[in-house]
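What follows is a single structure, written as structure tokens, with notes after it.
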2 protein chains.
Amino acid sequence: MTASPSASRDMASSRIFETLKQDLIRGRFVAGEKLAISALKDHYQVGLSPLREALNRLAAYGLLEQVNQRGFRVPAMHLEELDDIAGLRAQLECMALTQAFQAGDSEWESQVLAAHHRLRRADEHPERVEEWEQAHLRFHRALLASCGSHWLLRFIEQLHDQFDRYRRLAPPNPAVRKALDRQHGELVELALSRDIAAARALLDDHIRLSHSVARGCCASSAPDEGT
Amino acid sequence: MTASPSASRDMASSRIFETLKQDLIRGRFVAGEKLAISALKDHYQVGLSPLREALNRLAAYGLLEQVNQRGFRVPAMHLEELDDIAGLRAQLECMALTQAFQAGDSEWESQVLAAHHRLRRADEHPERVEEWEQAHLRFHRALLASCGSHWLLRFIEQLHDQFDRYRRLAPPNPAVRKALDRQHGELVELALSRDIAAARALLDDHIRLSHSVARGCCASSAPDEGT
DNA sequence: CATCTCAACAAAATCGATTTTTTTACTCAA
DNA sequence: TTGAGTAAAAAAATCGATTTTGTTGAGATG
């Protein structure tokens, strides 16, 4: 049978997991806020068990914190942590990029080109933010997909989600977007020519640029507090 | 009040999480096996809800796999994955080691020395395997603790747990143990003298040695199967 | 006036039972 | 004998209610 990814309806706990995950990344909850479980239950129209299972998975993933006998809270955001996430993300993605360039075959090249094309298409509708976000995530995934290390990709994905929590705090900025998009195009070219050194430098810049934008926003909106 | 870490009794779901996690790492379940939830419930004497929450967290952590509508299973083990885990672990730990050496203060040195002392003490009772295992884990933790990157330490911990699943398959080997222990001592000396290059090389060897032992066992016990 | 106690309240965690889905066992026809 | 279809059994997922724990505030006490 042909691949039909959307064939299986998954259980309620998986659906609420994905929904909550997106809402957390998109910043629909206040950082540091305590989650009122019964309110979530009403809002998302799910039962307690699936909801609690999703919350537990999100806590293990690092998008929630579970406090001993007093429920779940949205992790606070700190400039210091953003720096950690961005720095590590740059290192791990450069590592994966190198391996991806070495191991990538023509099928990989095709997928990168396809993902880049979809990303450019998504750019044509600036009002559909979420579509661009998804295309963007998939482009970066495709670029590193051939690196051969399941665990490295897993950690990178996790860091990407964490990073996005911070990045999404910043308001959309057309100039930055344009610069990032040019870098995407250049990354594709460097991938096809397997120019590892140049691609690493560019990817590092790419992340550094996003980082500095998010940093500016994070610093102004919620100055790092002690205690 | 003074620090008393064991003061808070945590909820049942946390206790069963820790217990199950240890049992998974120690290889008390067959790789690939499907977990019978009601059997677990009886065996560990817990209710369904805490158990399911623990299973969900373990799945998010990577020590279990959740299959759509058919429960949880213990991940299969593959030589290929062991290589991935060990290789990545070496890279991430060397990265952390460098940062730890650069940022480590005298308090860090004290903790490393203390952890190493406990490790040597634990060596005196070869029959108490679990005590040595815990001291070993804590020594490696202490060595990297000052690296300053919360997320890097988190990933390393996760990889360590994954690696241990494989390492524990191999029967105890006094000769190997002795070699590893000498390396622990050398690592302490290099930490005190902040010899980054030598320490990186040694840590890489350290992991490589464990890797090759685990590899030999994994290869003979369960030849990598396709499909 | 500050602090302590304890009851009433709110929320989290857990339990037992129900619903849904998958797996197994069996029948019958090709 | 094999294979599709189907009903019973088993297991997973979910629900509603109960139990446990943390929080709040009124009144007592120093």
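Please read all numbers here as calculations on a predicted model, not as lab measurements. Order of the sequence lines fixes the chain letters, A, B, ..., with proteins taken first and strands second; residue numbering starts at 1 for each chain.
- When each of A/Ser49 and A/Gly71 is assigned the nucleotide of DNA chain C with its nearest heavy atom, A/Gly71 is the one assigned upstream, toward the 5' end.
- For DNA chain D, the neighbouring residues in residues 32-42 of chain B, judged by any heavy atom under 4.0 Å, are B/Lys34, B/Leu35, B/Ile37.
- The neighbour count for B/Arg26 CZ, taken as heavy atoms of other residues, nucleotides or ligands under 6.0 Å away, is above 12.
- Taking the six-membered ring for Trp and thresholds of 30 and 60 degrees, B/His211 and B/Phe163 have ring planes more than 60 degrees apart, a perpendicular arrangement.
- Straight-line distance from the CD atom of A/Gln69 to the C1' atom of C/dA10: 14 Å, rounded to whole Å.
- A/Leu209 is listed as a side-chain neighbour of A/Ser212, based on a closest heavy-atom distance under 4.5 Å.
- Heavy-atom contacts from other residues, nucleotides or ligands closer than 6.0 Å to CZ of A/Arg138 number 12 or fewer.
- If you walk DNA chain D from 5' to 3' and mark each nucleotide with an atom closer than 4.0 Å to a heavy atom of chain B, the marks span D/dA12 to D/dT14.
- A cation-pi arrangement, defined by a distance under 6.0 Å to the six-membered ring centre and an angle within 45 degrees of its axis, is present between B/Arg177 and B/Trp132.
- A sub-4.0 Å separation between OP1 or OP2 of C/dA11 and a side-chain N or O of A/Arg70 is absent.
- Using a 30° and 60° split on the angle between ring planes, B/His184 and B/His136 fall in the tilted class, from 30° to 60°.
- Cation-pi geometry between B/Lys21 and B/Tyr61 is met: under 6.0 angstrom from the ring centre, within 45 degrees of the axis.
- Shown here is A/Arg120, whose CZ atom has no more than 12 heavy atoms of other residues, nucleotides or ligands within 6.0 Å.
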